[in-house]
Amino acid sequence: MDVKKIFPEDFLWGSATSAEQIETNSSNDFRGGKSETTWNHWFNQEKSRFFDQQFSQNDFFSKYKEDIKIAKSLNFNSLRVSISWARLIPDGKNVNEEGVNFYKEVFENMRKNNLKVFVVLHHFDLPMFAQNKGGWVNKTVADDFAFFAKKAFTIFGNDVDAWFTFNEPNIVISGTYWKNGIYPHENNFKDGMIAMWNMIVAHHKAIAAFRTLNLQTKIGFIHAIIPAIPRSNHQADLKAARMSDLFEIESFLEPIINGEFPQELIRELEIHNLWPKDQILDEEIKLIRDYKIDLIGLNYYTPNRVKSLSYMPNWNNPIAPETHWFNHYDLQNKRMNPYRGWEIFPKAIYDILLMIKNKYQNIECFISENGMGVAGEKQFKVNGIIQDDYRIDFHKEHIYWIHKALNENVNVIGYQMWTYIDNWSWLNAYKNRYGFIELDLKTGNRIPKKSATWMQQLAKTNTLVITTAEENKY
Ligand code: BG6
């Protein structure tokens, strides 16, 4: 028997993408006056770090009309893109008119197709002019970011339905300073803390600029929520989980929604002389207290299973939270996406939404990314169409838990999936594909997968249809 879960009429269905992952067709594609980003730079220096030595080749720069129509054909009513800082202000000082015209066209096309325009200002893509100053460890980069943000707000203002400063700055910090995944992959714990503080300040400087313009539109922030699940209820494991949540979630959500960096984390860092006190200005603390967001985007893919450390860490050489405060715990027989190496744990999306309700004043929120990247999808082709039932099942189960949260009065307004057309996944390049639409890299053709038809139906009817057997299993 079928069960129907009906969503509010104005619920947002959509997808997220980012400039660096879709706009270009090679690492040397600087059409339209874009300047070099850390990704161009890193790729051109060290291609072997990238799967199959491939750079982004979605070519949204010339195919945006076609791709926006595809988003509409899925019955989406919203779409998230990002503005490339290196395209809008290539030298950090002067606005590039070609960049302005490109994004104006993109936003206009989205509106013509009745897609609400969601725009992020920074999605992992730091221009090289900012990196050459030292990147986020240099405070002036926060000012440069606020300058870029103010220009973008002034130029595009109310053409955008919802603005967002950053996408997943926690991943930028861990990837750049702790885990060797984002250029210049420094392995320097303390620099990571300084950069984290500067990104929080950059966010608030941008919000302050936004508020001076009195726009009719909203502004928010998008975070990767990686909730900790402790190995056991032993005090040491619970403490490990607490530390993971402090680093991954509260370090950003507390200052950004509640106006203050968590004192508990400061105390922990001070014990080891790792809190960059000398870098923190009184005026920055005030700025963080004074400027708030209107809504929060929550990216969720996988939880973080943790356990207490099984060794004494060397505090003279702190590396990362997961080497010095907790360790990853490998639960046997967990449900996995083996291609990405991520655990699949849909109920956490409900827990996250409840956390927003209970700890963050039920601020307006939406799921801004969630999806399943699978390698070698061509093997699932029947009559030319990828039969991605695993993707449909993945989304159905997450949507079920979102509906449950909605019923418990969480202020959740939408679900944007990663992502509508296969795109470039950073170091994994085109290995794992997330799309409802296949991108054929040889021809550039966009070919709907089975999930595209399912998506069309879901968004058109605002109704999730599952069987009672599925409901019982969830
Ligand atoms: C999110 C990012 O962390 O996860 C996206 O915002 C990214 O940019 C997505 O593509 C999926 O991760 P990956 O590494 O598989 O592409």
Side-chain angles (χ1 to χ4, degrees), residues 16-23 32 34-35 37-39 60 78-96 99-100 102-104 106-107 110 116-131 135-136 140-173 176 182 195-196 198-213 215 217-224 252 255-256 287 291-299 366 368-369 416:
T17 61
S18 88
E20 197 77 0
Q21 291 177 275
I22 59 168
E23 284 182 3
K34 177 182 182 271
S35 68
T37 65
T38 50
W39 293 98
F60 184 76
S78 61
L79 185 65
R80 159 151 76 101
V81 294
S82 74
I83 291 180
S84 161
W85 184 358
R87 185 181 296 290
L88 195 72
I89 310 189
D91 61 358
K93 296 187 188 84
N94 300 295
V95 172
N96 167 24
V100 171
F102 171 64
Y103 290 114
K104 279 216 156 138
V106 169
F107 302 158
M110 284 164 73
K116 279 201 190 300
V117 182
F118 280 33
V119 174
V120 169
L121 291 170
H122 184 276
H123 190 128
F124 298 3
D125 52 346
L126 196 65
M128 269 317 277
F129 69 76
Q131 185 53 48
W136 293 109
T140 63
V141 170
D143 293 316
D144 294 338
F145 177 76
F147 174 78
F148 155 54
K150 188 162 188 184
K151 288 281 180 208
F153 302 146
T154 310
I155 298 167
F156 308 109
N158 293 325
D159 292 349
V160 171
D161 294 287
W163 285 97
F164 300 90
T165 53
F166 287 102
N167 174 77
E168 301 189 346
N170 53 334
I171 303 297
V172 174
I173 297 301
T176 311
I182 296 183
M196 180 190 285
N198 288 340
M199 288 186 97
I200 294 167
V201 171
H203 161 90
H204 284 88
K205 287 191 167 172
I207 303 287
F210 183 87
R211 296 297 180 212
T212 59
L213 296 171
L215 298 169
T217 174
K218 293 179 187 172
I219 189 154
F221 170 81
I222 290 180
H223 200 59
F252 280 96
I256 279 156
L287 191 75
Y291 288 97
K292 300 282 160 60
I293 52 172
D294 305 311
L295 83 166
I296 178 110
L298 309 159
N299 293 354
F366 67 110
S368 37
E369 280 183 35
Q416 292 190 334

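These values consider heavy atoms only, across backbone and side chains, with no hydrogens, waters or symmetry-generated copies.
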### Task
Name the orientation class of the two ring planes belonging to Phe164 and Phe118 (parallel below 30°, tilted from 30 to 60°, perpendicular beyond 60°).
tilted
### Query
Between Trp163 and Phe156, how do the two ring planes meet: parallel, tilted or perpendicular, split at 30° and 60°?
tilted
### Message
Please determine whether a side-chain nitrogen of the Lys or Arg among Asp294 and Arg211 lies less than 4.0 Å from a carboxylate oxygen of the Asp or Glu.
### Response
yes
### Query
Are any non-hydrogen side-chain atoms of Val141 and Asp143 less than 4.5 angstrom apart?
no
### Query
Heavy atoms, side chains only, cut-off 4.5 Å: are Lys218 and Asp161 in contact?
no
### Message
Check the orientation of Phe166 and His122. Use parallel for under 30°, tilted for 30 to 60°, and perpendicular for over 60°.
### Response
perpendicular
### Query
Are Thr212 and Lys150 side-chain neighbours, meaning at least one heavy-atom pair lies under 4.5 Å?
yes
### Nearest-0.5 Å distance, CD of residue Gln131 to CG of residue Leu126
5.5 Å
### Smallest separation among heavy atoms of Ala146 and Lys205, with atom names
CB-CB, 3.7 Å
### Query
So Phe148 and Ile83, side chain to side chain contact (heavy atoms under 4.5 Å, CB included) or not? Walk me through it.
CA-CA 10 Å; Phe148 155 54; Ile83 291 180; 4.0 Å; yes
### Query
Between Phe147 and Trp85, is the gap from one ring center to the other below 6.0 Å?
no
### Task
Looking only at non-hydrogen atoms, find the nearest pair between Gly157 and Thr217 and report the distance.
O-CG2, 3.7 Å
#### Entry: Any Glu168 side-chain heavy atom under 4.5 Å of His123 side chain
no
### Query
Side chain of Asn170, backbone of His223: donor and acceptor closer than 3.5 Å?
no
### Summary
Taken to the nearest 0.5 Å, the spacing of Ile256 CD1 from Ile293 CD1 works out to 7.0 Å
## Note on the structure
Note: Tyr103 and Ala19 closest approach over all heavy atoms is OH-CB, 4.3 Å
### Task
Could you walk me through whether Ile171 and Phe124 pass the side chain to side chain contact (heavy atoms under 4.5 Å, CB included) test, one step at a time?
CA-CA 8 Å; Ile171 303 297; Phe124 298 3; 3.8 Å; yes
### Query
Atom CG of Asn198 and atom CZ of Phe145: how far apart are they, to the nearest 0.5 Å?
12.5 Å
### Message
Using the rule given for side chain to side chain contact (heavy atoms under 4.5 Å, CB included), can you reason through Ile207 versus Lys292, listing the C-alpha separation, both sets of side-chain angles and the distance that settles it, and then say yes or no?
### Response
CA-CA 7 Å; Ile207 303 287; Lys292 300 282 160 60; over 6 Å; no
### Message
Looking only at side-chain N and O atoms, does Ser368 offer a donor or acceptor that is under 3.5 Å from a partner on Asn299?
### Response
yes
### Message
Is there a side-chain contact between Thr37 and Met128 in this structure, where contact means two heavy atoms from C-beta onward sitting under 4.5 Å apart?
### Response
no
### Short N-O contact, Lys34 and Glu23, less than 4.0 angstrom
no
### Query
With a 4.0 Å cut-off, would you call Asp159 and Lys104 a salt bridge?
no
### Query
Given Trp39 and Ile182, is the side chain to side chain contact (heavy atoms under 4.5 Å, CB included) satisfied, shown in steps?
CA-CA 8 Å; Trp39 293 98; Ile182 296 183; 4.1 Å; yes
### Message
Nearest 0.5 angstrom please: Asp125 CG to Ser18 OG, how far?
### Response
6.5 Å
### Task
Taking the side chain as every heavy atom from C-beta outward, state whether Leu295 and Phe366 have any atom pair closer than 4.5 Å.
yes
### Message
Ignoring hydrogens, what is the shortest heavy-atom contact between Ala149 and Leu121? Give both atom names and the distance.
### Response
CB-CD1, 3.6 Å
### Task
Could you please spell out the steps behind the side chain to side chain donor-acceptor pair (under 3.5 Å) verdict for Gln416 and Ser78?
CA-CA 8 Å; Gln416 292 190 334; Ser78 61; 3.1 Å; yes
### Task
Would you indicate whether the side-chain heavy atoms of Asn167 and Arg80 approach each other to under 4.5 Å?
yes
### Query
In Å and rounded to the nearest 0.5 Å, what is the CD to OG1 distance from Glu369 to Thr17?
9.5 Å
### Query
Considering only heavy atoms from C-beta outward, does the side chain of Val100 approach that of Leu88 to under 4.5 Å?
yes
### Task
Walk me through it: do Asn96 and Asp91 pass the test side chain to side chain donor-acceptor pair (under 3.5 Å)?
CA-CA 9 Å; Asn96 167 24; Asp91 61 358; over 6 Å; no
### Query
Checking ring-ring contact (aromatic ring centres under 6.0 Å, His included) against His203, which of Tyr291, Phe210, Phe252, Phe221 comes through?
Phe221
### Task
Grab the two heavy atoms, one from Thr165 and one from Val120, that are nearest each other, plus how far apart they are.
O-CG1, 4.0 Å
### Task
Measure across Phe129 and Pro90 and return the closest heavy-atom pair with its distance rounded to 0.1 Å.
CD2-O, 3.3 Å
